[in-house]
Every structure is written in structure tokens, then in C-alpha cells.
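Only one structure is covered here, and it is reproduced in the block below.
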Amino acid sequence: MQDESHETGDSLFEAPPMAEQERMVEAILFATAEPVTVAELADRMPHGCDPAEALAHLRRRYEGRGVRLVKVGDAWAMRTAPDLGHLMHRETVETRKLSRAAIETLAIIAYHQPVTRAEIEEIRGVSVSRGTVDQLIEMEWIRFGRRKMTPGRPVTFVVTQAFLDHFGLESARDLPGLAELRSAGLLDNRPPPGSLPQVGDGTDEDDEGGITPEGQSELFED
Amino acid sequence: MQDESHETGDSLFEAPPMAEQERMVEAILFATAEPVTVAELADRMPHGCDPAEALAHLRRRYEGRGVRLVKVGDAWAMRTAPDLGHLMHRETVETRKLSRAAIETLAIIAYHQPVTRAEIEEIRGVSVSRGTVDQLIEMEWIRFGRRKMTPGRPVTFVVTQAFLDHFGLESARDLPGLAELRSAGLLDNRPPPGSLPQVGDGTDEDDEGGITPEGQSELFED
Amino acid sequence: MAEDTFGQHESKQGDGNVAARLAAEALIVDVDGFEGPLDLLLSLSRTQKVDLRRISILELARQYLTFVERAKQLRLELAADYLVMAAWLAYLKSRLLLPPDPEEEGPSGEEMAAHLAFQLERLQAMRDAAAKLMARDRLGRDVFARGLPEDVTRVRRVRYTATLLDLMQGYARLRTRDEFRPYVMDREAVFTMEEALDRLRGLIGYSGDWTEISGFLPEGWTEDPARRRSATASTFAASLELVKEGSAEMRQSDTFAPIQMRRKDRSGE
């Protein structure tokens with residue numbers, strides 16, 4: 001530690017000018033196809049730099065240009081402006097056609113995360129095939145979240161940074177129609193009255209129903 | 001996608017404004033995996049566009065930025081500014097504990113400096129590998145001291161300022177003596193009282209070295 | 001597919017029951033296209049052309065039961081969960097039609113119907129959300145990442161470290177390794193008693209006459225005062241040891257006079 005600060009001792013006290021820091025962030029983001037976190041930027045830039053401020057400058061600079069600076073979760077990336085997509089048909093990546101089941105499952109995970117398999121099944125009314133989940137995991141659009149603190153401690157699914165990147169979302173809070181769905185109570189985990197025979201899944205819903213008083217809703221609240 | 005560009009056929013007669021053309025060139029160069037020729041640009045942009053002029057504008061726009069527009073053969077590409085190339089490597093620093101041999105060697109040097117390799121070996125009871133000494137020198141924690149005035153005039157080792165900085169010591173004399181080590185519970189492995197061997201004291205080292213009039217030895221006298 | 005087929009019948013919706021029956025028949029053909037009873041119920045609910053919140057669950061239950069009835073007549077094999085749903089809907093229907101029984105425990109028919117309506121609305125909402133999601137500007141289709149990323153070379157650097165505690169513990173470990181062993185560096189100037197004893201045992205056999213013990217000092221230990229001191233002390237101690245063993249005898253004529261030693265002739269005793 002100490003020896004390092006010896007080497008770069010002077011930069012500790014004198015970070016490069018902001019214009020220079022902006023150039024550095026620009027260069028790093030242009031060179032990378034994946035989003036880069038502020039921490040990674042700080043890591044690669046000289047000591048004393050403020051990547052967050054440099055990013056703010058850079059974002060303004062690229063407003064209205066052919067490429068833009070976009071936020072993806074807690075990372076940043078350069079992306080072409082969406083209105084110019086038609087020029088890029090040569091670059092278009094043929095994505096694997098997702099089944100309706102996969103698309104619905106993905107949406108349920110995005111809007112209800114963190115969500116268990118049983119909850120997905122309750123919403124869709126059918127069991128979720130292993131292949132569907134595997135496919136979404138393989139595409140790196142979903143991943144395992146924390147286990148629920150309910151009997152059996154079931155695993156949950158959440159969406160990934162790659163999901164946000166693919167769909168151009170800054171965060172899961174920016175999902176289209178999220179506020180309306182929430183105010184309509186459609187993201188509530190409403191337990192079925194009494195012990196109704198639930199389609200697709202049996203009896204453990206009751207337990208899981210009660211579990212997410214905080215759950216996804218809280219995730220999106222702030 | 002393709003039919004979209006067909007629809008813009010009327011732009012044959014009215015090309016987009018130059019600012020728009022610049023955006024298009026910017027997006028295409030950004031997203032394309034290879035350098036793009038002017039002809040290709042013209043091909044991909046709406047009819048009536050002037051990619052060469054748009055390129056000229058764009059090139060000026062990127063002057064002095066973190067990325068630049070460069071000509072590669074007869075094609076164009078965006079590249080990191082050469083002065084920022086150093087940012088293009090990510091350094092991952094892995095911190096590892098020093099090996100026991102290295103710590104012991106270092107401790108002996110710190111407590112007995114200046115000390116010869118033969119003396120280190122006598123104290124450790126095993127030979128000191130060249131790698132261990134080299135590692136400590138490379139870390140800039142030890143360096144060569146003056147040669148001893150004994151047959152063969154062996155080199156000695158002493159600790160460096162970087163060593164003192166790392167361990168937060170003003171001088172090697174601040175290293176706790178055996179009594180302190182014991183009262184700190186670091187010598188709990190059973191030395192019977194009074195049987196503590198005295199370090200290098202009462203010997204001819206002091207005379208021979210002549211360097212450390214009182215040497216380290218007295219530090220260890222309880 | 002299922003929805004398309006269904007759409008045709010939607011337009012014919014004049015006489016409710018007939019339309020529902022026709023719709024059910026059309027649906028049966030595509031029963032494999034449905035993802036379970038809830039999906040089917042959602043499709044059926046569209047014949048009502050109302051907001052899902054105001055949907056008549058009773059009407060929906062009738063449609064579903066008609067569907068299952070027709071499937072049976074056509075000897076179509078329905079999955080078990082379709083039949084479970086049918087049984088449940090039949091029960092729900094009776095709860096909705098009969099006046100509430102004050103004795104009856106559990107949720108009311110209205111509560112059960114409300115939850116089914118909620119499930120349908122929620123499923124529909126998720127489908128709409130999925131459609132909106134898929135219609136967004138998507139990476140690799142509408143928005144593009146850098147086509148020519150530059151390689152970021154990864155430099156792995158190992159930094160070794162140690163704490164003051166490591167250092168002190170390491171030193172303490174060394175210094176207490178064999179706490180009784182004389183410090184090795186001191187040995188240059190120390191002639192141990194063991195060494196002296198070894199030496200004297202070898203020499204004593206040849207000294208039948210009184211000899212000053214300083215004469216037994218080893219070579220190289222007589223010049224340097226420190227070395228001479230050490231060798232003298234150990235040689236003296238060793239000679240005492242030999243006397244104790246009975247293999248030598250000693251004498252001293254006066255205080256501070258030279259100490260002499262000679263072999264003790266056992267045979268002479």
C-alpha cells in the first residue's frame with residue numbers, strides 16, 4: 001500500500017484536470033463493449049480522479065449525438081442512438097427466438113423480482129419448464145438471487161445487468177408500466193382466499209404468499 | 001429494416017442535414033467491427049448524403065478527445081487516442097501473504113541489521129534461498145548494507161525506508177524487544193524465565209562491524 | 001393460433017350461449033396450444049369484451065365447463081389440471097348461484113371469484129408487460145455496442161505483504177525454537193565444556209606428569225582474551241569432571257598459583 005502511494009504520491013494531490021479525466025473515461029468506454037462500473041473506471045484511472053463527475057460531463061457532451069452514454073445498472077456504456085438503428089442492419093445480431101413461455105417468464109422475473117419458481121408458476125398457472133429457466137440463465141438475462149426466508153428457503157430469480165443493457169434500462173425500476181402495474185395492485189403477492197386449489201402449484205403458495213411484504217415492491221420503491 | 005431505408009427514398013432529393021449525417025457516420029463507425037470506407041458509408045446512409053464531408057466534420061469534432069477518427073488504408077475507424085493507451089490494460093493486484101521463510105528472513109534482518117547471509121542462516125538454522133532475498137529486495141523492504149570487515153568481506157542486509165513505512169516504524173529500533181514480545185503474548189511458547197538467549201551480544205560482531213556501535217543487541221536486553 | 005381461431009368466433013357473438021359453445025368447440029381443436037387452464041380461461045374471458053376487472057366469473061365458469069363437456073364428448077383427452085379446474089369452477093359456480101350458507105366455513109364465492117379475476121388480470125398484465133419489453137429498443141437490434149472493442153490487456157500483479165505482527169511472530173518463533181541452545185553466533189568465542197572434555201579425554205592419557213591445565217588449551221584459543229577466557233573456563237570445568245570420574249588428579253600449590261593436572265594411574269592404586 002504505502003509503497004504504491006510513494007510511487008504515485010504526487011498524483012494523490014494532483015489529479016489530472018477534469019477535461020483530461022473526461023477523455024480517459026471516453027477512451028475506456030469506447031474500447032469496451034460491456035458496461036464499465038465507476039469502480040472499475042476509478043481503478044484504471046490515476047489516483048485522485050473522479051470518474052462520476054467525468055461521466056456526467058461526458059454524458060452531456062454526447063447528448064443528441066450518434067452515440068450516447070447510457071447507464072446500465074451501476075455501470076456505464078457507449079451505445080448508438082436508437083433512432084439510427086436502421087443504419088446498422090449489418091451489425092444486427094440474430095437473437096434466438098424466445099418462446100412465449102420464456103418471454104412471459106422473463107417479464108414476470110423482471111417485474112416481480114426477486115421471485116421464486118413457485119411464484120412464477122402461480123402467476124402463469126402452469127409449471128415452469130427447466131429448459132425455459134436454463135435458456136434465460138444461459139442468455140445471462142436472469143440469475144439466481146437470494147434465497148427467500150421462507151420454509152424450504154427457495155431460490156429466487158432476478159434480472160441481470162445484461163438484461164438491463166439489452167433492453168436499454170438504467171435499472172429495473174425503469175421497466176415500462178411498472179408504476180401503473182404496482183398501483184393497480186398487480187405486483188402484489190395476493191394470497192388466494194382460503195385453501196383454493198391453485199393451478200399449477202399446490203399448497204405451499206400460502207407460505208410464499210406471506211413472504212414478500214418487502215420483496216420486489218420495495219426494490220422498486222425508491 | 002431494409003425496407004425502411006427504401007422508404008426513405010424521397011431523401012434522394014433531400015439529404016438529411018449535415019449534422020444528422022455526422023451522427024450517422026459516428027454511429028456506423030462506432031458499431032462496425034471493421035474500418036469502413038467512404039463507399040460503404042454512402043451505401044448505408046440515405047441517398048444524397050455526403051459521407052466524406054460528414055467524416056471531415058466528425059474528425060474535427062474528435063480532435064483532442066479520448067478517441068480519434070483515423071484513416072486505415074482507405075477506410076475509417078475510431079481508435080483510442082495514443083496518449084491514453086496506458087489505460088487499456090487493467091491491472092489486477094492480488095495481495096498474498098509473504099512466505100514464512102521470507103517473513104523470518106525479514107525479521108532477522110530487521111532485528112539484527114546489518115546482517116550477513118551466513119548469519120541469517122545460522123539464526124534460521126536453514127539456508128536462505130536466493131529467491132527469498134531477491135523477493136525482499138524487489139519489494140524494496142531490504143537492501144544491501146556495507147560489507148563486513150571480516151574474511152571474505154561478506155555483504156550485509158539492512159531494512160529500507162519503505163520497510164519502515166509499511167510497518168509504521170520510525171526506525172528499526174522501534175521494533176519491540178523480546179521482553180515486549182513476551183508481554184504482548186507473542187512469546188507464549190514456553191521460554192522458562194531467565195533462559196532467554198541474548199541476541200548477538202557479547203560477541204565480536206559489534207567490533208567487527210564497527211557500524212553499529214551499540215548494535216541492535218541492546219534492544220533485546222530485558 | 002388459438003387466439004386467431006377464437007377471434008373468428010368473437011365476431012359471431014350474438015346469442016351468448018351459442019357463441020360460447022361454438023367458441024368452446026373451436027378452442028378444443030387447439031387445446032394443445034394453451035398453456036394450461038388459466039391461459040384457456042384468459043382466452044375465454046375475451047368473449048365478454050369487458051375490462052378484466054368487470055368480468056363475469058360466473059359466465060366464464062359456464063364457458064369453461066362447456067368447453068370441458070365438449071371435450072369429453074369428442075373423447076379428447078384433457079390434462080388433469082383442466083379437470084381439476086373444471087371441478088373447482090363447478091364448485092365456484094354453485095357458491096355464486098346459491099344464497100350464502102351462514103354455516104359454511106371458508107371464503108365466500110365472491111372472494112374466490114375475485115381472486116380468479118385477479119389472477120387473470122395479473123397474467124394479462126404480465127403478457128402486456130412482456131410485449132412492451134420485447135418492443136423496446138434492444139441491444140443488437142436497435143441499439144449497438146462498440147463494434148471494434150480494443151483489447152484490454154489484463155496485467156496480473158501479485159503484491160506480497162506482511163504485518164508487523166507477522167514479523168514479530170516470525171521472529172519470536174525463531175528465538176524460542178530451542179530456547180536452551182546457546183546462541184549460535186556466540187559459538188565462535190565459546191569453547192564448550194563438552195568440547196573441552198572431549199579434548200582432555202584424548203590428551204590425559206599422555207600426561208603422566210603434572211601439567212598446567214593452561215597447556216591443555218586448544219590451538220587458536222590462547223591469543224584472543226575472550227577465547228582464552230572461554231577455553232580456560234571450560235578446560236578447568238572439564239578437568240574437574242575428569243577428577244570426579246577418577247581418571248585424573250589436580251593440584252594447586254598456592255592461591256592463584258597455576259593449576260596442574262595429571263593422569264591418575266588406577267592400576268597404581
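Only this structure's heavy atoms are used, side chains among them; waters, hydrogens and symmetry mates stay out. Sequence lines set the chain letters: A, B, ... in the order given, protein chains first and strands last, and positions in each chain run from 1.
- Counting all heavy atoms, side chain and backbone alike, B:A27 lies closest to A:T80 at O-CG2, 3.8 Å.
- With a 4.5 Å cut-off on non-hydrogen atoms, B:R61 touches chain A through its side chain but not through its backbone.
- Contact of A:L87 with chain B is made through backbone and side chain together, with heavy-atom distances under 4.5 Å.
- In this structure, CG in A:L84 is found 11.5 Å from CZ in B:R44, a value given to the nearest 0.5 Å.
- Neither the backbone nor the side chain of A:L29 has a heavy atom closer than 4.5 Å to any heavy atom of chain B.
- Using a 4.5 Å cut-off between heavy atoms, B:E22 does not touch chain A at all.
- Partners of B:Q135 according to the side-chain contact (heavy atoms from CB on, under 4.5 Å) rule, which considers only residues two or more places apart in sequence or in another chain, are B:L98, B:A102, B:M139, C:Y160.
- In this structure, B:M78 and A:F30 approach most closely via the heavy-atom pair SD-CE2, 3.6 Å.
- Summarising the local packing, CD of A:E170 is surrounded by more than 12 heavy atoms from other residues, nucleotides or ligands at distances under 6.0 Å.
- Within residues 64-72 of chain A, the residues having any heavy atom less than 4.5 Å from a heavy atom of chain B are, in residue-number order, A:G64, A:R65, A:G66, A:V67.
- The aromatic rings of A:Y62 and B:Y62 are tilted relative to each other, their planes meeting at an angle between 30° and 60°.
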